[in-house]
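Okay, structure first, notes after.
A quick note: this is a predicted structure, and the numbers were derived from the prediction, not measured.
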Amino acid sequence: MALTRRVYRIDRVEFLGTLWDLALHLDQHLAAFVAEHGAWVYALLFAIVFCETGLVVTPFLPGDSLLFVVGAIAAAGGMSLFAVMAVLIAAALCGDNANYWIGRWTGTRLLSRWINPAHLKRTHDFYERHGGKTIIIARFMPIIRTYVPFVAGLGAMPYARYLSFCVIGALAWVGSICAAGYFFGNISAVKSNLTLVIVVIVLASVSPAAVAWLRNRSSVQRQG
């Protein structure tokens, strides 16, 4: 039993190390995949973005950094910028919509048994008032963007309204970050420090959520 637990810990450490290496050297891994498998990279990118946005269990997958690197590789001639942007937008929309309907279905059929109806009502009211801007802003925030569609479905946000803001968010997210990678990713100073740039992108993406959490925590402490 002790040996099994130790092997499990080692496997977990190796898995986390692999994810960390992928996040820090995403440019190298993706460029190598393009060189080896060509057009299959579009399927890989679709799968990553779909899972990152559509499955609540995979928020750790690369998002913003992936889009930036994709733009840089497209600028270097490795991929078609417009084709890959179309694939990524489609993946983001498919993922968001799958996540929404999972939340909608589980909210009405499963989770309602354990969640206080008053909480569901407050969630619904929040999305009625602030759902649009929440969906668009959350698109640029890792982890949070994975859960916002699920919660929108859970709160029974009207689907037509949700879809309109979902499309705006996907277009803005993919378009802006891929374009940034395309125009700036191959500048010599950026290219030679791309790992650092990826880290900065990740930190900049999570900083709004971190700041909001710290403010909320300090507010609760003051009230306590």
(Q) If I compare all heavy atoms of Ile144 with all of Ala138, which pair ends up nearest, and what's the gap? (A) CG2-CB, 3.9 Å
Q: Locate the shortest heavy-atom distance separating Phe46 from Val87; write the atom from each residue and the value.
A: CD1-O, 3.7 Å
Q: Could you tell me which non-hydrogen atom of Phe68 sits nearest to which non-hydrogen atom of Ile177, and how far apart they are?
A: N-CG2, 3.6 Å
Q.
Between Tyr159 and Asn97, do the side chains contain a donor N or O and an acceptor N or O under 3.5 Å apart?
A. yes
Q. Would Asn99 and Leu55 satisfy side-chain contact (heavy atoms from CB on, under 4.5 Å), going step by step from the backbone distance to the final call?
A. CA-CA 6 Å; Asn99 214 346; Leu55 304 178; over 6 Å; no
Q: Please check if the distance between the ring centroids of Tyr162 and Tyr100 is under 6.0 Å.
A: yes
Q.
Show the nearest heavy-atom pair for residues Leu67 and Val174, with the distance to one decimal.
A. CD2-CA, 3.6 Å
(Q) Looking at Arg139 and Asp64, is there a salt bridge between them, counting it only when a charged N and a carboxylate O are closer than 4.0 Å? (A) no
Q. Taking all non-hydrogen atoms of both residues, which atom of Tyr147 and which atom of Pro59 are closest, and how far apart?
A. OH-CG, 3.7 Å
(Q) Using side-chain contact (heavy atoms from CB on, under 4.5 Å), reason through Ser80 and Tyr42 one step at a time and then give a plain yes or no. (A) CA-CA 10 Å; Ser80 165; Tyr42 296 102; 4.0 Å; yes
Q. Of the non-hydrogen atoms in Met157 and Arg104, which two are nearest, and what is the gap between them?
A. O-NH1, 3.6 Å
Q) Which is it for Thr58 and Thr146 under the side-chain contact (heavy atoms from CB on, under 4.5 Å) test, yes or no, and what are the steps along the way? A) CA-CA 8 Å; Thr58 52; Thr146 305; 5.7 Å; no
